[in-house]
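Proteins get letters first, then strands, A, B, ... in listed order; numbering begins at 1 in each. Since we're looking at a predicted model, the values are computed, not measured. Only heavy atoms go into these numbers, but all of them, side chains included; no hydrogens, no water, no symmetry mates.
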There are 2 protein chains.
Amino acid sequence: MEYSEAKDKFIKAWGTLGSNWGINKAMAQIHALLLVATEPMSAEDIMEELQMSRGNVNMNLRALMDWGIVKKEHKVGERKEFFTAGKDVWELAKQVSRERRRREIEPIIQVLGELQDVTGDNKKSVAEFKKLTSDLYDLSSKVDGMIEKFSKSDQTWFYKLLMKI
Amino acid sequence: MEYSEAKDKFIKAWGTLGSNWGINKAMAQIHALLLVATEPMSAEDIMEELQMSRGNVNMNLRALMDWGIVKKEHKVGERKEFFTAGKDVWELAKQVSRERRRREIEPIIQVLGELQDVTGDNKKSVAEFKKLTSDLYDLSSKVDGMIEKFSKSDQTWFYKLLMKI
DNA sequence: TGAAACTTTCAGAAATATTTGAACGTTAGA
DNA sequence: TCTAACGTTCAAATATTTCTGAAAGTTTCA
C-alpha cells in the first residue's frame, strides 16, 4: 500500500475508533495525524491536512493537551505554536488509562459508595439493592486499582504480567 | 437514603456512565432498572417507570439482548414478554469485555494489520509509520489477548491475578 | 376466522453534539 | 505606540443521534 493511502486509512480508522470510545472524530484524527507526523505541526498545517476550521482545530488541540497526549512546542525564530504527539505507544496507553480512570471510573465509584446506606420498608428490595451496588462497588474498586497500577508501571512489569496470564 | 431515591440515583448514574462509554442513556437506564428490579419486567412496566416511548424501549431492549446482558422471559399464562438482567456482576463484566473486544479492539487490530505492508519514497516517513503501527499492533494484540483471557476466566483467577499485582 | 393483545418498524420530530467562521484578544517587534 | 501575525472564543449553522407515536405485523385463542 502507498504511504499516503496508508496514512489516510490510519487517520480515518483512528477517527472511527475514537467515536466508539466517546472521543470525537476531529480530536481522534488530529491525534492520529500528529502521531504519524515526522515534524511538529502548526494549527495551520492541521487545518490544511484535515480540512477543518481554525476553531475546531484549536478546540480539539486543547482537549488533546488536556488529556496529556499532545504537547505544544515553540520553534526558535517562529511566532507560531507547533504541536506534537508522543510516539511512545506504551506511554500513550498509560496516559489514556490514567485519564479514563479519573474521568469515568472514579465518578461511578463515588456514586456507588453513596448508595451504600440505603434504607426502606421493602426488605427484599433493599437487600438486593445493597448486594448489587456493593458488588459493583467492589468490582469497580478492583478494576480501578488495577488500572492505577498499570498506569504507573513500566513495560517490563506488563510483560511479566502477561507471562503469568 | 430512602430506597426509591437511591434507586433513581443509581439509574441516573448508570445512564450518565453509559453516555461516557458510547452507550446511549436510554439503554443504560433500562439496564440499570432491570438490574435493580426484583421481578422480571414487561416493556410496559419499563415505559412507565422510565417515561419512555414504546419504540424506544423496544429498540433498546433489543440492543441489550444483543450485548447479551438482558434476557427475555415468558411467564406461564401470560402473553406478554418479560425481561431480566443477570444479577451476577462478575458475569456482567465478562460479557461487556467480551463484546467490547469484539466490537472495538478486533476492528482496529484488523486495520493495523493491513497497514503493515506500506511502501513509499520517503524512507523516513515510511519507517516511522511502520514503527508506529506495528507498536500499536503489538500492544493492541496483547491487550486483546488479556481481555480474551479475562472474559473466559472465573473469579478465582481474577483474584489470584490481583494478588500478584 | 376474527379480533384482542401484544411486538416491531420507521418516518419525522426533538435533542445533542460538532463544526464553522468571523469578531475579539494577545504578543512581539518595528 | 502601532500593527501584523497569530491564538481564542462563541453564536449560529450543520450534522448526528436519539426518541416518539402511529401504523403495520404477529401471535394466541375464542
Open item on the list: What is the separation between atom CD on B:Glu81 and atom P on C:dA5, rounded to the nearest whole Å?
Closed with: 17 Å
- [ ] Taking only heavy atoms on the protein side, list every residue of residues 29-51 of chain B lying under 4.0 Å from any atom of DNA chain C, sorted numerically.
- [x] none
Open item on the list: Distance alone, cut at 3.5 Å: any donor-acceptor contact between the side chains of A:Asn58 and A:Arg62?
Closed with: yes
- [ ] To the nearest Å, give me how far apart CZ (B:Arg79) and P (D:dG25) are.
- [x] 17 Å
Open item on the list: Which residues in residues 55-67 of chain A have a heavy atom closer than 4.0 Å to any atom of DNA chain D?
Closed with: A:Gly55, A:Asn58, A:Arg62
TODO: Could I get the full list of salt bridge (Lys or Arg N to Asp or Glu O under 4.0 Å) partners for A:Glu99, not counting sequence neighbours?
DONE: A:Arg102, A:Arg103
Task: Any donor-acceptor N or O pair under 3.5 Å, side chains A:Asp45, A:Ser42 - done: yes
- [ ] Considering only NZ, NE, NH1 and NH2 on the basic side and carboxylate oxygens on the acidic side, decide whether B:Glu114 and A:Lys9 come within less than 4.0 Å.
- [x] yes
- [ ] Answer yes or no: are there more than 12 heavy-atom neighbours, outside A:Lys12 itself, under 6.0 Å from its atom NZ?
- [x] no
Task: Whole angstrom value for the distance that separates P of D:dG7 from NZ of A:Lys80 - done: 8 Å
Task: Spacing between A:His74 atom NE2 and C:dA28 atom C1', to the nearest angstrom - done: 13 Å
Task: Length of the line joining A:Phe83:CZ and D:dC6:P, which is rounded to integer Å - done: 13 Å
Task: N/O donor-acceptor pair under 3.5 Å between B:Asn60 side chain and B:Asn56 backbone - done: yes
TODO: Calculate the interatomic distance between A:Met52 atom CE and C:dT20 atom C1'; express it in whole Å.
DONE: 12 Å
TODO: Assess whether one donor atom and one acceptor atom, taken from the side chain of B:Arg54 and the base of C:dT7, lie less than 3.5 Å apart.
DONE: no
Open item on the list: Check B:Glu148 with B:Lys152, please: is the shortest side-chain N to carboxylate O separation under 4.0 Å?
Closed with: yes
- [ ] Return the orientation label for the B:Phe158 and B:Phe150 ring planes: parallel under 30°, perpendicular over 60°, tilted otherwise.
- [x] perpendicular
Open item on the list: Tell me the interatomic distance from B:Lys72, atom NZ, to C:dC6, atom P, rounded to whole angstroms.
Closed with: 15 Å
Task: Distance, rounded to the nearest Å, where A:Phe82 contributes CZ and D:dC6 contributes C1' - done: 12 Å
Task: Cationic N near anionic O, under 4.0 Å, B:Glu49 to B:Lys7 - done: yes
